[in-house]
Amino acid sequence: MFTATALPTSGNKRDVYASLAQQLSGLLDGEPDAIANAANMSALLYGLLPDLNWAGFYFLRGPELVLGPFQGKVACVRIPVGRGVCGTAVERKASVVVPDVHEFPGHIACDSASRSELVVPLIKHGRVLGVLDLDSPNPSRFDDADREGCESLVRIYLDASEFPGHGP
Ligand code: SME
């Protein structure tokens, strides 16, 4: 049985993400199912990272993102590419950090408590497969260290998981 370990409360965010990376690698070890892994990764992040009100995945289905496994309040199901923070990350093929969602044109509010957001695209073998989305009720919750840390967690997720029909 996997038991999550509390993250270091002293030290910097590098230590936090190093611990998360180690735990995530153990959690996903030997399991190639992309949906099961997304579900467990959402639960791990939501359970351990402080000040989140939503953590989860959207997967690209044709021209739009469709809701995947998540933790938090119910969310909008379909987001066209180029819309909202999630669709913008897909269009740019790059992570998007939004310190204040009220200042982001086209932000899609699933939970009115959300104040800041981090979206990391899932890119495997050059193809965008979806996004990891984290929301916080705190303004400016996410910085560059969170972006880098979450990008490394997404790489662990992508390396562990198979995406049938999306190449090797
Ligand atoms: N805020 C996102 C929508 C997804 S929810 O936050 C879960 C966006 O603007 O794309």
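We count ligands from 1, going down the list as the structure has it; atoms in each ligand are counted the same way.
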**Message:** With no hydrogens and no angle check, just 3.5 Å: does a side-chain donor-acceptor pair link N53 and S114?
**Reply:** yes
**Prompt:** Taking non-hydrogen atoms only, is D135 closer than 4.0 angstrom to ligand 1 via side chain, backbone, both or neither?
**Reply:** side chain
**Request:** With heavy atoms of Y58 as the reference, note each atom of ligand 1 found under 4.0 Å away.
**Result:** 4 (C), 7 (C)
**Request:** Find all atoms of ligand 1 within a distance of less than 4.0 Å from any non-hydrogen atom belonging to H107, and give their numbers and elements.
**Result:** 1 (N), 9 (O)
**Request:** Check Q23 against T3 and note the closest heavy-atom contact, atom names and distance.
**Result:** OE1-O, 4.4 Å
**Asked** Looking only at N/O atoms, are V85 and ligand 1 under 3.5 Å apart anywhere?
**Response** yes
**For W54, atoms of ligand 1 separated by under 4.0 Å from a heavy atom** = 7 (C)
**Fill in**
Contact region, D111 to ligand 1, non-hydrogen atoms below 4.0 Å, reads neither
**Request:** Output yes when K13 and D143 qualify as a salt bridge under the 4.0 Å nitrogen-oxygen rule, no when they do not.
**Result:** yes
**Asked** Would V16 end up clustered with L27 when hydrophobic side chains under 4.5 Å apart are linked, directly or stepwise?
**Response** yes
**Message:** Using a plain distance cutoff, I'd like to know if I108 has any nitrogen or oxygen under 3.5 Å from a nitrogen or oxygen of ligand 1.
**Reply:** yes
**Message:** Any atom of ligand 1 sitting under 4.0 Å from a heavy atom of F104?
**Reply:** no
**Message:** For E151, is there an ion pair with R147 - N to carboxylate O distance below 4.0 angstrom?
**Reply:** yes
**Request:** Of all the heavy-atom pairs spanning A75 and Y58, show the shortest one and how long it is.
**Result:** CB-OH, 3.7 Å
**Asked** In the protein, what heavy atom is nearest to atom 5 (S) of ligand 1, and what distance, to one decimal place, separates them?
**Response** C110 SG, 3.1 Å
**Asked** Where does D133 meet ligand 1, judged by heavy-atom distances below 4.0 Å: at the side chain, the backbone, both, or neither?
**Response** side chain
**Message:** Does the plane of the ring in F59 sit parallel, tilted or perpendicular to the ring in F163? Use 30° and 60° as the thresholds.
**Reply:** tilted
**Fill in**
Nearest non-hydrogen protein atom to atom 2 (C) of ligand 1, with distance, is E117 OE2, 3.1 Å
**Asked** Does the side chain of Y17 come under 3.5 Å of the side chain of D146 through a donor N or O and an acceptor N or O?
**Response** yes
**Request:** Using a 4.0 Å heavy-atom cut-off, say whether F70 meets ligand 1 through its side chain, its backbone, both or neither.
**Result:** neither
**ligand 1-proximal atoms of C86, by part, heavy-atom distance under 4.0 Å** = both
**Fill in**
Tightest non-hydrogen contact, residues Q71 and Y46, listed as CB-CG, 3.4 Å
